[in-house]
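Presented below is the structure to which this report refers.
Computed from heavy atoms alone, side chains included, the values below leave out hydrogens, waters and symmetry copies. Letters A, B, ... mirror the listed sequences (proteins, then strands); counts begin at 1.
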2 protein chains.
Amino acid sequence: MNQPGESLRDRKKRRTRAALERATVRLAAERGYDHVTVEEIAAEADVSVRTFFNYFASKDEALIGADPEAGPRMAERILAASDEVTPFEAYRQSVLAEITDELNNARDLWLLRKEVLMQRPDLLVRAFANSAESERLLANAVGRRAGLPESDLYPRLLVAAGSAAFRCAVTRWALDDSVALGDLVGDALELFGTGLAHVPPHHHEGGS
Amino acid sequence: MNQPGESLRDRKKRRTRAALERATVRLAAERGYDHVTVEEIAAEADVSVRTFFNYFASKDEALIGADPEAGPRMAERILAASDEVTPFEAYRQSVLAEITDELNNARDLWLLRKEVLMQRPDLLVRAFANSAESERLLANAVGRRAGLPESDLYPRLLVAAGSAAFRCAVTRWALDDSVALGDLVGDALELFGTGLAHVPPHHHEGGS
DNA sequence: GGATTGTTTTGCAGTCACTGCAACTTTGCA
DNA sequence: TGCAAAGTTGCAGTGACTGCAAAACAATCC
């Protein structure tokens with residue numbers, strides 16, 4: 001009864017984690033992030049407070065619900081990409097793939113998160129603080145791929161640009177979601193790719 | 001006795017604020033950020049705990065000690081810049097001026113902060129969450145300067161790139177400070193300006 | 001100088017996030 | 001069925017942070 005797929009235990013864990021994430025987002029959207037206590041979240045998900053903290057290191061983390069395996073997965077993809085493509089391209093595709101996946105699996109959650117993030121934009125920034133480890137991982141992957149020394153700024157910058165792109169895209173998307181979030185991230189990365197020195201002519205825009 | 005320069009009151013406030021900032025950084029560098037309580041910091045600065053929180057909204061904020069007027073000041077400079085220069089250039093110069101100033105006035109503090117940030121890189125990220133308001137201000141300034149609509153991604157991206165540049169530069173600098181922090185930020189902004197699509201040939205490096 | 005007014009500091013009581021630890025329960029496996 | 005590993009829970013404790021109302025202080029007016 002130990003299929004490599006998933007044991008009962010694993011399934012339960014996944015469900016509990018998801019329930020906590022959902023509860024956090026739902027309640028926060030409903031009555032405002034800091035009018036919701038962890039106690040209420042835990043109750044909603046039918047576990048103890050202590051269990052909440054076994055799954056998430058902080059309330060912030062639960063709200064964003066960042067997949068701890070996203071970092072390693074992306075690093076993997078970057079290193080696995082064909083040598084034909086530039087490190088930038090490899091990174092870009094890795095990011096977009098991850099985001100597309102995420103949005104397909106949890107579009108409804110993101111719509112709720114949007115409400116919360118509109119009230120408290122700082123939460124999005126803080127969320128990235130938790131993934132400092134993932135950032136280091138990705139930067140290393142990019143650095144190795146580009147054959148650069150540890151001390152080079154480029155890999156770090158590229159990864160930071162990715163975070164920034166995502167962050168800005170979400171902020172913009174929260175303002176008006178007539179353009180898909182994935183496309184906005186794509187646009188943002190495009191701009192970082194070609195450089196910010198000159199104001200770009202135009203991007204998407206609703207339709208003018 | 002009310003010189004527009006500075007009243008007794010103002011002087012005292014500045015001194016208290018500075019003392020709290022110094023105490024926070026010094027103690028954190030000495031025994032690690034979370035082995036220092038706000039109570040100890042307040043004691044070191046000779047004020048009550050409650051007063052600490054009158055000056056800083058959080059321990060994080062005190063560690064970074066971001067000047068609340070830096071945002072408005074930079075926005076000012078961006079809008080005041082000659083029409084000859086691109087918005088990017090205006091922003092770049094505004095950032096570099098601010099950072100140069102800061103480093104000239106508090107180089108010693110930054111050397112201590114470095115110790116703390118090497119242990120806990122996430123604190124630097126979190127620090128920027130507090131300046132979400134300043135970011136909005138700057139983005140608006142850039143947007144107006146570039147004649148772009150509210151919804152355009154570019155201004156937000158440029159400002160986010162600035163944060164990222166600073167963040168990465170500090171991280172790199174903490175690793176090896178043989179290159180001046182100001183120069184590293186300059187390099188980073190340069191890269192954002194010309195685009196990340198291709199791996200740059202080389203930057204500073206110790207001396208080759 | 002002394003009364004008056006506006007500001008800052010402080011103590012206090014309270015809430016809530018988060019942690020370590022030691023039972024207790026559930027699941028995986030023989 | 002019985003044992004070991006993994007997961008859950010309660011509990012006690014720490015420490016960041018807030019609101020409030022009183023005390024100390026600085027600027028101003030007479």
Expressed as a whole number of angstroms, how long is the span from [X]:[atom1] to [N]:[atom2]?
| X | N | atom1 | atom2 | answer |
| --- | --- | --- | --- | --- |
| A:D60 | C:dC18 | CG | P | 7 Å |
| A:K13 | D:dT8 | NZ | C1' | 12 Å |
| B:F56 | D:dT18 | CZ | P | 14 Å |
| A:D10 | D:dA5 | CG | C1' | 13 Å |
| B:E61 | D:dA16 | CD | P | 15 Å |
| A:E40 | C:dT15 | CD | P | 14 Å |
| A:K59 | D:dC17 | NZ | P | 13 Å |
| A:L63 | C:dC18 | CG | P | 12 Å |

#### Entry: Of the listed nucleotides D:dT9, C:dT10, D:dG15, the one nearest the side chain of A:N54
D:dT9
### Query
Between C:dC18, D:dA16, C:dT9, which one does the side chain of B:F53 approach most closely?
D:dA16
Using a strict threshold of under 4.0 Å (side-chain N to carboxylate O), is an ion pair present between [Y] and [X]?
| X | Y | answer |
| --- | --- | --- |
| B:R120 | B:D34 | yes |
| A:E21 | A:R26 | no |
| A:D108 | A:R22 | yes |
| B:D67 | B:R73 | yes |

### First of B:S48 and A:T37 reached from the 5' end of DNA chain C, by closest nucleotide
B:S48
### Task
Decide side chain to side chain contact (heavy atoms under 4.5 Å, CB included) for B:E69 and B:E76; before the verdict, give the C-alpha distance in whole Å, the side-chain angles of both, and the deciding distance to 0.1 Å.
CA-CA 11 Å; B:E69 294 175 17; B:E76 200 76 16; over 6 Å; no
### Query
Counting heavy atoms not belonging to A:R14, are there more than 12 under 6.0 Å from its CZ?
no
#### Entry: Pairwise 5' ranking along DNA chain D for B:A57 and A:V49, keeping only the more 5' one
A:V49
Think [X] has a side-chain N or O under 4.0 angstrom from the OP1 or OP2 of [N]?
| X | N | value |
| --- | --- | --- |
| B:Y55 | C:dT9 | yes |
| B:T51 | C:dT10 | yes |
| A:S7 | C:dG28 | yes |

### Minimal non-hydrogen separation, B:R92 against B:L189, with atom names
CG-CD1, 3.7 Å
### Message
Return a single string for nucleotides 21-26 of chain C, one symbol per nucleotide in 5' to 3' order, where B is base contact, S is sugar-phosphate-only contact and - is none, cutoff 4.0 angstrom on heavy atoms.
### Response
B----B
